[in-house]
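Everything below concerns the one structure shown next.
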There are 2 protein chains.
Amino acid sequence: MEARVAEQAERPTSKRRAALTRESILEAALRLCSPEGGGQLTFSRLGKELGADPTAVYRHFRDKDDLVLALTELTVAEGVELARAALPDGPSDDWRAWLTVTAESIRASYLARPVVAILAAARTTASPAETRSVELLISVLHRAGLPVIEAAECYRQLVDLTLAMTQYTAAFSSLDPATQAKDEAAWAVKYGMLPEAEFPLLHRSAPRLTELFRDDGEVFRMILGTFLDGVALRIDRARDGSAGAGRSA
Amino acid sequence: MEARVAEQAERPTSKRRAALTRESILEAALRLCSPEGGGQLTFSRLGKELGADPTAVYRHFRDKDDLVLALTELTVAEGVELARAALPDGPSDDWRAWLTVTAESIRASYLARPVVAILAAARTTASPAETRSVELLISVLHRAGLPVIEAAECYRQLVDLTLAMTQYTAAFSSLDPATQAKDEAAWAVKYGMLPEAEFPLLHRSAPRLTELFRDDGEVFRMILGTFLDGVALRIDRARDGSAGAGRSA
DNA sequence: ACCTGAACACCGTTCAAGT
DNA sequence: ACCTGAACACCGTTCAAGT
């Protein structure tokens with residue numbers, strides 16, 4: 001027993017590979033998923049990063065989906081943590097700030113590893129971090145004035161909107177630069193050169209649209225703003241009394 | 001000359017393969033992309049569908065991205081056509097109906113071939129059908145009361161929101177059934193069994209959330225409704241006069 | 001109990017050879 | 001001018017063999 005321990009500690013400087021564990025594999029995978037790590041997640045690259053045979057990962061994860069789901073849990077947990085750090089303790093009454101910070105935090109943690117966004121934005125892990133965060137979001141909307149079920153529907157809208165936009169952005173920015181350039185050219189050139197006679201409004205707004213092409217974050221922030229204006233309207237409606245169930249103005 | 005024409009028409013019933021053209025390839029590709037066609041687009045399947053060698057397609061499209069972009073143009077054109085058919089002639093003054101129908105139509109044409117949504121929802125082709133539709137959308141918002149640039153920003157928000165949600169839905173529904181079942185279980189089981197003491201609101205709204213999991217269309221319609229409420233607020237603000245540039249309430 | 005490495009069925013793409 | 005078919009560099013995954 002003692003001899004084996006000693007043997008293990010014997011060559012601390014030699015390049016013996018770290019024992020493969022779920023945690024060490026997830027760490028390596030997160031490194032690969034980040035833009036600095038190349039942003040691509042394959043068994044081959046993962047094996048190289050771990051100094052092990054690519055198929056060794058199968059001893060710790062059933063398949064790639066299993067691995068991706070575990071990465072999603074970590075990503076969601078990080079997003080929730082980011083949001084909590086940016087918010088005052090406990091759910092304040094500023095529901096708008098609360099929802100904005102939560103949405104931006106989730107988006108940021110996914111965009112730090114775009115592959116995860118592409119492969120699993122629409123997946124549900126039902127991890128503790130996730131369920132606690134959902135309960136909190138619903139409570140913020142409920143305390144703002146929405147009935148419970150409507151608050152839950154509203155939470156769902158916000159999260160799906162955020163995840164969908166995040167996946168959309170991640171998918172585009174993961175295309176190779178030459179392909180992205182094709183699209184940028186479509187905006188900058190084709191939309192910029194539309195004849196004023198036939199396209200009077202597009203002619204005037206093309207510069208702004210090209211600007212927006214170059215900054216997805218701006219479009220997301222605008223959508224979030226408009227969406228939350230709609231939520232505000234529903235909250236006002238719910239507070240004004242139980243009557244008047246009409247939808248649109 | 002005449003002899004060759006006669007020769008070509010000679011065996012109309014024999015199984016001579018149709019000449020490979022850009023159009024015939026696109027038709028075959030659209031067939032494969034539809035759910036009934038299997039929903040997967042690969043050169044191998046495409047070659048089989050065309051009765052030709054898989055690599056023959058490379059004589060008509062530079063690479064897969066070129067093919068996908070052409071399919072995207074057709075999809076957008078179909079969406080625009082769908083919207084026009086559902087709307088009265090010319091842009092009416094009911095901006096809300098206009099935007100709703102346009103968003104639903106684009107969504108429907110992409111979901112008829114989910115692979116295209118997954119691979120190219122975020123791409124810009126700047127095709128004539130696209131540019132004409134954009135000009136119309138901006139004009140509807142402008143006539144509703146928004147300044148041109150704000151109308152353009154609003155168009156962009158609506159389209160990105162719609163395309164992102166469509167890609168999100170398409171990506172999830174293209175997962176194999178076993179994988180989708182994992183997520184459904186997360187909602188129906190884990191969320192349904194949360195202890196009431198710790199999760200009072202989730203406990204009450206879990207049934208509704210599970211319902212929403214099963215119908216993405218419903219979530220999209222709700223998001224669209226909330227978003228358009230926000231747009232209505234901005235239109236009111238713009239109409240009330242040029243003062244009061246504040247964003248949120 | 002865990003890891004290795006060959007093997008398999010797929011991808012998109014290239015290129016020399018056919019007609 | 002267009003199509004064929006072998007070939008290449010990748011994917012995820014399986015499985016018998018090692019230790």
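Only a predicted model underlies this, so the values are computations on that prediction, with no experimental measurement involved. Every chain is numbered from 1 and lettered A, B, ... according to where its sequence line falls, protein lines coming before strand lines.
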Rounding to a whole Å, what distance do you find between [X]:[atom1] and [N]:[atom2]?
X      : N      : atom1 : atom2 : value
B:L20  : D:dC2  : CG    : P     : 10 Å
B:K48  : C:dC10 : NZ    : P     : 9 Å
B:I118 : C:dC11 : CD1   : C1'   : 16 Å
A:R45  : D:dG12 : CZ    : P     : 11 Å
B:D53  : C:dA16 : CG    : P     : 17 Å
B:F43  : D:dT4  : CZ    : P     : 14 Å

Q: Using a 3.5 Å limit on both pairing distances, list the dot-bracket string of DNA chain D from the 5' end; Watson-Crick and G-U wobble pairs count, crossing pairs take [ ], interstrand pairs take |.
A: ||.|||||...|||||.||
Q. Pick the nucleotide of DNA chain D nearest each of A:T55 and A:Q40; which residue has the one closer to the 5' end?
A.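 Nearest nucleotide further toward 5': that of A:Q40.
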Q: Could you tell me which residues satisfy side-chain contact (heavy atoms from CB on, under 4.5 Å) with A:A206, sequence neighbours excluded, listed by chain and number?
A: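 If we apply the side-chain contact (heavy atoms from CB on, under 4.5 Å) test to A:A206, skipping adjacent residues, there are no hits.
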Do [X] and [Y] sit within salt-bridge range, that is, some charged N less than 4.0 Å from a carboxylate O?
X      : Y      : answer
A:R221 : A:E218 : yes
A:E211 : A:R208 : yes
B:R214 : B:E184 : yes

Q | DNA chain C-proximal residues of residues 58-72 of chain A, any heavy atom under 4.0 Å | A |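 Per residue number, the list reads A:R59, A:H60.
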Q: Check every strand shown and say whether B:L41 touches a base, only sugar-phosphate, or nothing at a heavy-atom separation below 4.0 Å.
A: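 Sugar-phosphate: the residue B:L41, judged by heavy atoms under 4.0 Å, touches backbone atoms but no base.
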Q | Distance-only polar pair, side chains of B:E73 and B:S127, donor-acceptor under 3.5 Å | A |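 No donor-acceptor contact under 3.5 Å links the two side chains.
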Q: Given side chain to side chain contact (heavy atoms under 4.5 Å, CB included), test A:L41 with A:V116 step by step and report yes or no.
A: CA-CA 9 Å; A:L41 183 66; A:V116 179; over 6 Å; no
Q) Heavy atoms, side chains only, cut-off 4.5 Å: are B:K190 and A:T131 in contact? A)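 Result no, sub-4.5 Å side-chain heavy-atom pair not found.
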(Q) Could you check whether any side-chain heavy atom of B:E78 comes within less than 4.5 Å of a side-chain heavy atom of B:R113, counting everything from C-beta outward? (A)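 Yes. Closest side-chain heavy atoms under 4.5 Å.
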**Q.** For A:Y191, ring-ring contact (aromatic ring centres under 6.0 Å, His included) partners two or more places apart
**A.**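 For A:Y191, the residues satisfying ring-ring contact (aromatic ring centres under 6.0 Å, His included) (neighbours in sequence not counted) are A:W187.
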Pairwise N/O distances under 3.5 Å, protein to nucleotides 17-19 of chain C:
none

Q. What do you reckon, is CZ of A:R84 surrounded by more than 12 foreign heavy atoms closer than 6.0 Å?
A.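 No - once you tally the heavy atoms of other residues, nucleotides and ligands closer than 6.0 Å, there are 12 at most.
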Q: Applying salt bridge (Lys or Arg N to Asp or Glu O under 4.0 Å), name anything that partners B:E198, two or more places apart in sequence or on another chain.
A: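 Scan of B:E198 (salt bridge (Lys or Arg N to Asp or Glu O under 4.0 Å), adjacent residues dropped) gives none.
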